[in-house]
Amino acid sequence: MCGIIGYTGTDRGAIDVLMNGLSSLEYRGYDSAGVAVADSSLAVFKREGEVSALETAIPDDDIGGTAGIGHTRWSTHGPPSDTNAHPHTDCTGDVAVVHNGIIENYRTLQSELEADGHTFNSDTDTEVVPHLIETALAEGATREEAFRQAVQRLEGSYAVAAVFEGDETVYAARNESPLVLGLGDDGYYLASDVPAFIEYTDRVVYLEDGQFARVNPSGIVVTDEQGAIVETAVETISWDPEDAGKSGYDHYMLKEIHEQPTAIRKCLRERVTEMEGSITVSELADLERQGPVQFVACGTSYHAALYGARLLREQGVPAQCYLASEYDVESLPVGNETLVVGVTQSGETADTMRALRAANRVGASTLALTNVVGSSAARECDHVMYIRAGPEIGVAATKTFASQQVALAMLSQVLSPDRTPETDFIKRLRTLPDRIQRILDESNAQAIAETYVDADAYFFIGRGYNTPVALEGALKMKEITYKHAEGFAAGELKHGPLALVTEATPVFAIVTGESNAARTIGNIKEVEARGAPVVAVTDSPSDVDQYADHILEVPSSGPRCTPILSNIQLQLVSYWVANQLGRSIDKPRNLAKSVTVE
Ligand code: F6R
């Protein structure tokens, strides 16, 4: 979802830093892009489409100026177009603004500004900001004051940055949308996310809600809502910029699927002692669960949370899972004893943040399970557990999902009332990386994808722990192939969806673990009777191959760990179908890495 980059420095031309930054933010998902570079005048370039389209709009001759801002837009107000792309300017063209988030009162502000004679060019909510700045300047405010006064009129969520002609200062502010400052040797950066400038510096300051930043080549000054200077803590990010390259893979998604053994090793490191059969998550040392656990999450993270809730229930902990957008503290039993766990790889998802904030307000304890150090979820929750997957550039979540599952498996042990070491489970967790590697080395998913690339639709079924696998298999298939795919609890198939099953709709059945296998095989027979080809993801091929047309084999790892393996096979199938179809795999349409609107 929308991304911001800003730069002000001494040696480097701003345009190169901004364009590199925009390329690094592409993974967030966007539909248009633009930059503004401040020199003696303000040069603004913007285009609908990819960053490469913006590149062609920028003249070859040197764009002077060592300060500027850039933006990748994911449309909310007005369709993708050159005009609606950011930056937006005022009537004079002296100030340019980029913004992420939603300005809820923009209609009122726009009417007021239009009545005062301002002309608007775009459909966006953002455009009110440069015009508000223009008004404040006309009333005698300094640039910094004008920026502050404009921002203080906004209601809603925003990360916003502005530059002025003839000024090497970048002004920025945030409220409920991420913004991080980077401190380099030859300049200062600001961005929605660290990968935008990680190639230049790993020293960062996270802006908090309500804070403003003034960034120029001599340094950064952060102030609070009242204008008082705030002491900031500089953190060092441990992500290696090398991690963010494709390392020879055609797509980040494929690279990240292959990184899952490493990601899981990192997630387990120093948390699991196999000899003693114990799990210790140092970040959670002071977490004491007293009552029930509620998970809130969206999309892929919701599927991980379904898995986590089931694990906890099995440990005797009352646990429920809610779509964050549906979580309503007014109608649910949430109180001081409830632990609300937000599962969110980005740590910025607006729906999840809203749910966590609401839970906090009614006195629940909150825990963020996230990949992003310093993200809003990590900073605002009472507790945080990092999944340590490393940067995930492909917009579709893959390795973060596996890492979430493993982190949840550990969390289920930490929160269990019975802390008797489960040596067998811990051993299985430890063997996951090697087993995933085996799947990656031996998978026949590509051939199956080739066989069914022309299917009308894809269905995924599973039971128990395999239900979230089926849901996630379908989500991954639809988001990167743009083809119809649905996941069901296998038993539900006969209650309606069976009407959709034909010879042209392959059914992927996840049949692992002994207790559920027989019943899922019953469902396989139902779809076969309607002529549907069946692909079984299974750890016992000899039992299933008499019913299935194809087998995707996974090593048997017990009911709680095998689902993590099954999902890898389904990720590969989706990847190869999308690849056959020539889809934009790393940046699928209409999907954003960090969904910062509700
Ligand atoms: C799917 C995907 C989305 C996210 C969802 C939540 O591949 O990436 O469904 O899982 O937007 O995002 P996070 O985990 O950042 O809260």
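In what follows, every heavy atom counts, from backbone to side chain, and hydrogens, waters and symmetry copies are set aside. Atoms within each ligand, like the ligands themselves, are counted from 1 in listed order.
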Partners meeting side chain to side chain donor-acceptor pair (under 3.5 Å) with R388 (sequence neighbours left out): none
Considering the heavy atoms of A397, write down every atom of ligand 1 situated less than 4.0 Å from one of them. 7 (O), 8 (O)
Taking atom types as modelled, is there a side-chain donor on Q571 or Q260 under 3.5 Å from an acceptor on the other? yes
Considering the heavy atoms of S301, write down every atom of ligand 1 situated less than 4.0 Å from one of them. 10 (O), 13 (P), 14 (O)
For E479, the ligand 1 atoms whose distance to one of its heavy atoms is below 4.0 Å: 1 (C), 7 (O)
Tell me, which protein residue and heavy-atom name are nearest atom 5 (C) of ligand 1, and how many Å apart are they? C298 O, 3.7 Å
Quick one: look up the protein heavy atom nearest atom 11 (O) of ligand 1 and list residue, atom name and how far away it is. V595 CG2, 3.8 Å
So does Y327 get a backbone contact from the side chain of R354, meaning a donor-acceptor N/O pair under 3.5 Å? yes
Return a yes/no value for Q404: is any of its N or O atoms, backbone included, closer than 3.5 angstrom to an N or O of ligand 1? no
4.0 Å heavy-atom contact, V395 with ligand 1: yes
What residue and atom, counting heavy atoms only, is the protein's closest point to atom 15 (O) of ligand 1, and at what distance? S346 OG, 2.6 Å
May I ask you to check whether K476 has an N/O atom sitting below 3.5 Å from an N/O atom of ligand 1? yes
Looking at E208 and R174, does any basic side-chain N land under 4.0 Å from a carboxylate oxygen? no
Closest protein heavy atom to atom 4 (C) of ligand 1, given as residue, atom name and distance to 0.1 Å: T300 N, 4.1 Å
Across all chains, not counting sequence neighbours, the salt bridge (charged side-chain N to carboxylate O under 4.0 Å, His left out) partners of K478 are E486
Quick one: do K587 and E50 make a salt bridge, cutoff under 4.0 Å? yes
Tell me whether E259 is salt-bridged to K399, with the criterion being a basic N under 4.0 Å from an acidic carboxylate O. yes
Among protein heavy atoms, which lies nearest atom 13 (P) of ligand 1, and at what distance? T349 OG1, 3.2 Å
If we check side-chain contact (heavy atoms from CB on, under 4.5 Å) with T562, which of these qualifies: V469, V554, N567? V554
